[in-house]
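Have a look at the structure below, then the notes.
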Amino acid sequence: MPPSSAPPASSAIPMIKNKKGKGKQVVEIKLVPEDQRIFQGLHFYFFPNSDTHPGRRQRIIKAIEYGASWQDKFNDTVTHIIVDRDYDFEQLLKYLKLKELPLVDTSTIEFRVKGYEPPASSATIAQPIPSQASEVSLQLKPVKRKAVVLSSQVTSEASLNLVSSSAASLSNSPAPGVPDPQQVPNKDEDELDTAIRQAKESHPLASDDEDDVEGHKRRKTNNWQDKFQCMHKHTGKSGDQGPNAHTLVVLQELADHYDQIRDQWRCKSYRQAISALRKQTIKISTKEAAMRVYGIGSSIAEKIEEIVRTTHLRKLDFAKLDERQQILNRFMKIYGVGLHAAENFASAGYKTIDDLLQKAELTDNQRIGIDHYDDFNSRVPRAEVEKHAGIVKKALKGLDKNYIVNTMGSYRRGAQDSGDIDLLITKPGASIDEIRTTVMDRLVPLLTKHKFLVAALAQTSQADGTKWHGASCLPDSSTWRRIDLLLVPEEELGAALLYFTGNDIFNRSMRLLASKKGMRLNQRGLYKDVLRDYGREKLSEGTLVEGKDERKIFEALDVPWRPPEHRIC
DNA sequence: TGGCAAATACTG
DNA sequence: CAGTAT
DNA sequence: GCCA
């Protein structure tokens, strides 16, 4: 059992020092609110245990902010050791002059320190240690951290996870009697108290080696907004035949790859780079030329050069051959199966959809997703979207002719086919409650009775629900289509139109722009005077600027109006 | 080095 | 609450 | 992965 709570009086938190001698004497540590201190009662020892390295320093500060104590010596109160990625287990033992660590929790291999092998006796299935740093970050999100010895491999993600992960499990305390790390200053309680007090008073964590910038940060950029995708006209053309057509195809494959392995940021970067490259009017053949394009950095620029020279990209071939990845992709295309479930299935040894059907435990929705795997993963021709929408529209008008149905998503952007059918339902002057009641209690049952709606995947059960997800099937067809009914009061129609029209990049761009202007955009409206909590980004609602009129939202954001067909980024 | 959109709402 | 979907 |  854990040694619990208070560290002995002798162990203190080492002083967090400023890197630069000048300026503020004390680093700014802001303890998070008590109920969020997920590391409360835990005692961390870092290896190396100094804050001279900026990355480690950051982690130390975060740890303290979230309630941990930073032990300046390795002692028997230490519950967790966080080892830099440049060191391995052997080096740690050697430094501590120990033969072994009485580790308890070895279950989480993602954070296992290089060179550490669990005791042979343990019946753990041998899994490869994911030591290639670049890929590791992908696997971090879903795991709960438990490991006693953590490898601080991935700095940025790690610090993020500090925030979101639940409290780490405690462990038995290692043996006492340990050498004294010489580089660590030995402070004691007075300073601990001081640090805590100062921490409570101080501002959000900031890079203290940076001067206050607020003033001159606003440079000449009178057109900083140009960097936002939503400011740019885009006519879905010029790409297929443009000068960089082939390069774009290959890059798109890479983007898809990152999408599939759920690396959202790389995926985003690739999509942005693709978008930027598509706008080029000349062929980009060299790294240098590519680098000059906003949105393309050195990494993608190199790949562009490789693609042009060899008409190929080796990385892509490699990615395509990864069997486990293939399996995960296959599973994640099932409605109701995300990364987590897919990994569980794969770990259980299932390889095919058939395996799942026969052996796996499935939720109701997942079963539907499998039964209609091909249906749900095929595109819906534009004409068919119209038929589905027409049926809903007709039925709804039959109930109340004042209802309005808008077909959203890629259909509204003019696409020739869509992934699913999004129908936005509203009625001028009606409350959301009235709309919900009509749709849920009358429309859905009616269409279900008529065998048009054939499955309910997610239906509002709460009093404030605003959507219905399911499947529909045309009378003369056997193909099920994913269909979503979105209920929106008239006051929010504009924001909803904007939101459900997309595309996603365009939306993100608009929202990012709004937030940079001190506003906030969501599916209900545009708000101003948004109060953002210090450092972290909690916010107060703000006041509504516009929600009803789509065009007015563009105006309020000072974005030139763009019809749906031009919102493809 | 940190941010990258943002929220709702379902299932289990 | 975590996971998933949108 | 890109950018500030």
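So you know, we letter chains A, B, ... as the sequences are listed, proteins then strands, and number each from 1. Only a predicted model underlies this, so the values are computations on that prediction, with no experimental measurement involved.
Here C:dG3 is the nucleotide among C:dG3, B:dA5, C:dA5 with the atom lying nearest to any side-chain atom of A:His340. Taking only side-chain atoms of A:Thr363, from C-beta outward, the nucleotide of C:dT4, D:dG1, B:dG12 with the closest atom is B:dG12. Distance from the side chain of A:Tyr270 is smallest to D:dG1 among B:dA7, B:dT8, D:dG1. Nearest to the side-chain atoms of A:Arg482 among the listed nucleotides C:dT6, B:dT11, B:dA5 stands C:dT6.
No contact: A:Ala273 has no heavy atom under 4.0 Å from any strand. As judged by a 4.0 angstrom heavy-atom cut-off over every strand, A:Leu251 is placed among residues making no nucleic acid contact. As judged by a 4.0 angstrom heavy-atom cut-off over every strand, A:Gln272 is placed among residues making no nucleic acid contact. At the heavy-atom level, A:Asp420 lies nowhere under 4.0 Å from the strands shown.
Atom C1' of B:dA6 sits at a distance of 14 Å from the matching atom of C:dA5, rounded to the whole Å. Separating the C1' atom of D:dG1 from that of B:dA7 is a span of 26 Å, rounded to the nearest Å.
Contact between the side-chain N/O atoms of A:His469 and the OP1/OP2 oxygens of C:dA5 is not found at any separation under 4.0 Å. Contact between the side-chain N/O atoms of A:Arg520 and the OP1/OP2 oxygens of B:dA7 is found at a separation under 4.0 Å. Between A:Thr460 and B:dC10, a side-chain N or O to OP1/OP2 separation shorter than 4.0 Å is present. In terms of phosphate contacts, A:Arg271 brings no side-chain nitrogen or oxygen within less than 4.0 Å of OP1 or OP2 of D:dG1. In this structure, A:Arg524 reaches the B:dT8 phosphate: one of its side-chain N or O atoms is under 4.0 Å from OP1 or OP2. Within the 4.0 Å cut-off from OP1 or OP2 of B:dG3, not a single side-chain nitrogen or oxygen of A:Lys268 is found. Of the side-chain N and O atoms in A:Tyr258, one or more sit less than 4.0 angstrom from OP1 or OP2 of D:dG1. Between D:dG1 and A:Arg266, a contact under 4.0 Å exists linking OP1 or OP2 to a side-chain N or O.
At a cut-off of 3.5 Å, with distance as the only test, a side-chain donor of A:Ser378 or A:Arg481 sits close to an acceptor on the other residue. Defined by atom type and a distance below 3.5 Å, a donor-acceptor pair is present between the side-chain atoms of A:Asn329 and A:Gln260. A donor-acceptor contact closer than 3.5 angstrom is absent between the side chains of A:Asp263 and A:His257. No side-chain N or O of A:Glu305 forms a donor-acceptor pair with one of A:Ser285 less than 3.5 Å apart.
Rounded to whole angstrom, the span from the CG atom of A:Leu485 across to the C1' atom of B:dT8 amounts to 16 Å. Distance A:Ile421 CD1 to C:dA5 P: 18 Å, rounded to the nearest Å. Counting to the nearest Å, the P atom of B:dA6 and the CZ atom of A:Phe506 are 15 Å from each other. Here B:dA6 presents its C1' atom at 12 Å from CZ of A:Phe500, a figure rounded to the nearest Å. Between the C1' atom of D:dG1 and the OH atom of A:Tyr294 lies a distance of 13 Å, rounded to the nearest Å. Computed from coordinates, the A:Arg262 CZ to B:dC4 P distance equals 21 Å when rounded to whole Å. Following rounding to the nearest Å, A:Ile553 (CD1) and B:dA5 (C1') show an atom-to-atom distance of 15 Å. In this structure, CH2 of A:Trp468 is placed 14 Å from P of B:dC10, rounded to the nearest angstrom.
A distance of 3.5 Å separates CD1 of A:Ile334 from CD1 of A:Ile353, quoted to the nearest 0.5 Å. With rounding to the nearest 0.5 Å, the separation of CD in A:Glu253 from OH in A:Tyr270 is 12.5 Å.
Toward the 5′ end of DNA chain B lies the nearest nucleotide of A:Asn522, the other residue of the pair A:Asn522 and A:Leu457 mapping further downstream. If A:Asp364 and A:Ser509 are placed on DNA chain B by their nearest nucleotide, the residue sitting closer to the 5' end is A:Ser509.
Both geometric conditions, a ring-centre gap below 5.5 Å and a plane tilt below 30°, are fulfilled for A:Trp265 over the base of B:dC4.
When atom types are taken as modelled, the side chain of A:Ser431 and the backbone of A:Glu434 share a donor-acceptor pair closer than 3.5 angstrom.
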